[in-house]
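Report on the following structure.
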Amino acid sequence: MAFSSHSLCACFCVLAATAAAAATPVEITVDPGKIIAPVRKELFGHNIEAADNRGIFSTPLSAKLPRALEVEFGMGFFNPKTKKAARGVAEEMQKIHFGTLRYPGGCLVHNFRWKESIGPRAQRGAANWAFGLDEYLNLCEELNTAAQIIITDYAMPSDQIPQDAADLIEYLNMPAIPRYPWAMRRAANGRIAPWNVRYFEIGNESSHGNHGGNPTRRFTPEEYSRYFLAVANAMKKVDPAILVGSQCEPGSGELWDEVVCRETLAAADFFIIHCYYPQVEAMSGKNAFRGVMAGNMQLAWKLRHIREIMAQKGRIVPVAITEFNIRSIKNIDKAYRYSFLAGLQCAEMYCRFLQPENNVSIVNYFTILNGLYGALKSVKGGTAPENYDGTILRRTAPMTFLEGLKKHLNGNLISCDLENVPRLEAGAFPGVLASRGDRKVEPDKDFTPLPLSNFRLQAFQTSPTMTAVGSKESRALAVTLRNHTKAAFPVFTLVQRPATIRPGDPWQIRATFESRWLPDADNAGSATLGFGMMDVRGWQKTRCAMAVYAINTALEWKEFEAELSLLNDTEKVALLARIHHVQGALSGKLEFRNLRVWGRRAGSFPAYPAASAFAVRDPQNVVHILCFNRDGERPLPVRIKVTGLRKTSAATETYYRPDPTDVEYFATTPGKLAFPGGAAELELPPHSLTVVTFAPDSAR
């Protein structure tokens, strides 16, 4: 199972349900009198990236200052002149559900030292940022949203973090009396009453390491577990009422999840999942839509699997989806993350997260404002003007869905059952396994050993500062770097699809090896050194690749392993060395030995349903039925029956664009629907959401 930016696979073949099957209406039965669960505000959270971004993503560690958009303007939420929420943004936030605001933003927490973000601005770190911890908490209060804070994992030595985190809890939640000096500091900074922050995540995607930080650090699952327990225990000694979460691996991560669950579950209050899938940018709109719909169903399995792991350990805690969206990182205006498709995907995911069987406590959309993912844009080119007031400059298609969810998801979930739903089959997609048949099929039990092709040592001769020796016979490779200053990803050997796996079947590849990094005595640089596997056609064409990070932390021989799910039509896989996040002049030797590769037929999930529906009864007793057509190409007839309804009419609101890749903000289409005898028939357009609303004339 793969919901990851690092374990990616793609495929471009799909089988659809027959038109005959779709011609029989889907039966949707709604009982307004049967309440399932309340719609919880915390299920509609957002992320704010507001910390020092140097060494993370695109800003080099050597940059003189962090981006002002993060540390001055709080990603556009904050006006540093008024020291309040930016007016235009505050107005926009009233149009959507806004339950929690997560801070200081995903991977930027790797650099976050909260003590440098408080107090007089002239005494602060990170270029004396204007938007620090106090400003964030005031913003949450102003926007009437709950605070949700991530504890750093790499901003300081691990043995210093527990006390630092305990000091943070004292600053946030304790009374300002001499017993609590950090609470007294809070009062001196202008806030006498405690903030009473409840939600805390211990680190963020810590398995990926600290990106381009120096020194490079990366927790193993055992190391993360020890860090989590030390930090959580220190925090709860100060305030036992707080809730702390430990992390699942953002990818398939079964080994990580097993270890972390076993070691941290007794102390954790929730388990954190991030999901970005599928990796759509190498796909057509049709295939991207199919990958999304198959993936939404596979996420439901992921949630069940996490519950099963917890149940085996004797304790089940809620799941927090603290980052989710479609996987789309290409920096263009018409990227999939801004599309109708992304909005439809996230709307259906929100509806699924609300279902009590999924045991989800928090959900954070990534991200609502500015940055790479922002569905709203209030700045151009990543820089806020001097007279910034939060005026919205661009709304993208997902905003239509997010605004609609506020209208239609309030009150209580009510019973909504579906019958006669056709099924759709699809091949594998980036981060999503194939969907076919009527049952889940596990991958082949055994891997088959695969031969390596002749090593391509010339790939390392493209730079005068890099050379390599090695061979397929020795199964070893040594890469020598001398004053090397640039990122490099040289492919050194290829692996062929096993003859036992027929063409067209998705498959998996597994590699094991030992590695170490021997820096020269005069080494003046740092980098993230690693190993990768990739569809031989390349990242740009397939988005099918994975990486093993931070081999540079292994100064003695250490064992590594890697797995990648491949495309139905992948015939060859490239193995490569990874030299990334280079800072300064790097000198030393990166060595691999005992490299072995295996392949096996991948597993699959059942064909996915062509329709889904969810129903809510709001505080005014108005019923909202959200009907999704999950078939990207054909309309879908449905018959809605409402229990206890004698006769009424209903309003409809249809979310539809002919091209699901359209990124423009759009208006929904209103309509009316008669309910003679408590039932109605309608046709859902392809790839659409239709909401039916009415006030029952006799709801129990």
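Remember, predicted model here, so these are calculated numbers, not experimental data.
- Of the possible polar contacts, one joining the Glu281 side chain to the Ile329 backbone as a donor-acceptor pair under 3.5 Å is found.
- Proximity of a side-chain donor or acceptor of Asp257 to a complementary backbone N or O of Ile306 within less than 3.5 Å is not detected.
- Not a single donor-acceptor pair under 3.5 Å links the side chain of Asn53 to the backbone N or O of Ser58.
- The side-chain contact (heavy atoms from CB on, under 4.5 Å) test with Trp517 singles out one residue from Thr216, Leu555, Val479, and that residue is Leu555.
- Under the 3.5 Å distance criterion, the side-chain polar atoms of Asn552 are matched with a main-chain donor or acceptor of Ala527.
- In this structure, Gln298 and Phe429 have side chains that are not in contact, with every pair of non-hydrogen atoms separated by 4.5 Å or more.
- A distance of 6.0 Å or more separates the ring centres of Tyr655 and Phe340.
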Exercise for the section: Output, in order, the C-alpha distance, side-chain angles, deciding distance and verdict of side chain to side chain contact (heavy atoms under 4.5 Å, CB included) for Leu477 and Leu595. Expected result: CA-CA 9 Å; Leu477 177 74; Leu595 174 62; over 6 Å; no
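- Under a 3.5 Å cut-off, the side chain of Tyr224 and the backbone N or O of Gln247 do form a donor-acceptor pair.
- Note: Phe531 and Phe513 meet the aromatic proximity criterion, with ring centroids under 6.0 Å apart.
- Just one of Tyr373, Tyr350, Tyr277, Tyr276 meets the ring-ring contact (aromatic ring centres under 6.0 Å, His included) condition when paired with Phe324; it is Tyr350.
- Distance CZ/Arg218 to OG1/Thr553: 7.5 Å, rounded to 0.5 Å.
- Of the possible polar contacts, none joining the Glu323 side chain to the Asn364 backbone as a donor-acceptor pair under 3.5 Å is found.
- Remark: the backbone N or O of Thr367 is not paired with any side-chain donor or acceptor of Asn47 at under 3.5 angstrom.
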Practice task
Take Trp539 and Phe489 through the test ring-ring contact (aromatic ring centres under 6.0 Å, His included) and record every step on the way to the result.
Solution key: CA-CA 11 Å; Trp539 171 253; Phe489 306 92; over 10 Å; no
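- Both tests pass for Arg394 against the ring of Tyr338: distance under 6.0 Å to the centre and angle within 45° of the axis.
- Here Asp333 does not pair with Lys377 in a salt bridge; the nearest charged N to carboxylate O distance is not below 4.0 Å.
- Counting only heavy atoms from C-beta outward, the side chains of Leu636 and Asp631 never approach each other to under 4.5 Å.
- The aromatic rings of Tyr549 and His208 sit tilted relative to each other, their planes meeting at an angle between 30° and 60°.
- Using a 4.0 Å cut-off between charged side-chain N and carboxylate O, Lys440 and Glu442 make a salt bridge.
- Counting heavy atoms from C-beta on, the side chains of His484 and Ser463 come closer than 4.5 Å.
- Although no hydrogens or angles enter the test, the distance criterion places no donor-acceptor pair under 3.5 Å between the side chain of Arg516 and the main chain of Trp557.
- A donor-acceptor pair under 3.5 Å is formed between the side chain of Thr528 and the backbone N or O of His211.
- Within 6.0 Å of atom CZ in Arg456, 12 or fewer heavy atoms from other residues, nucleotides or ligands are found, so the atom counts as exposed in its surroundings.
- To the nearest 0.5 angstrom, Lys334 atom NZ is 14.0 Å from Ser328 atom OG.
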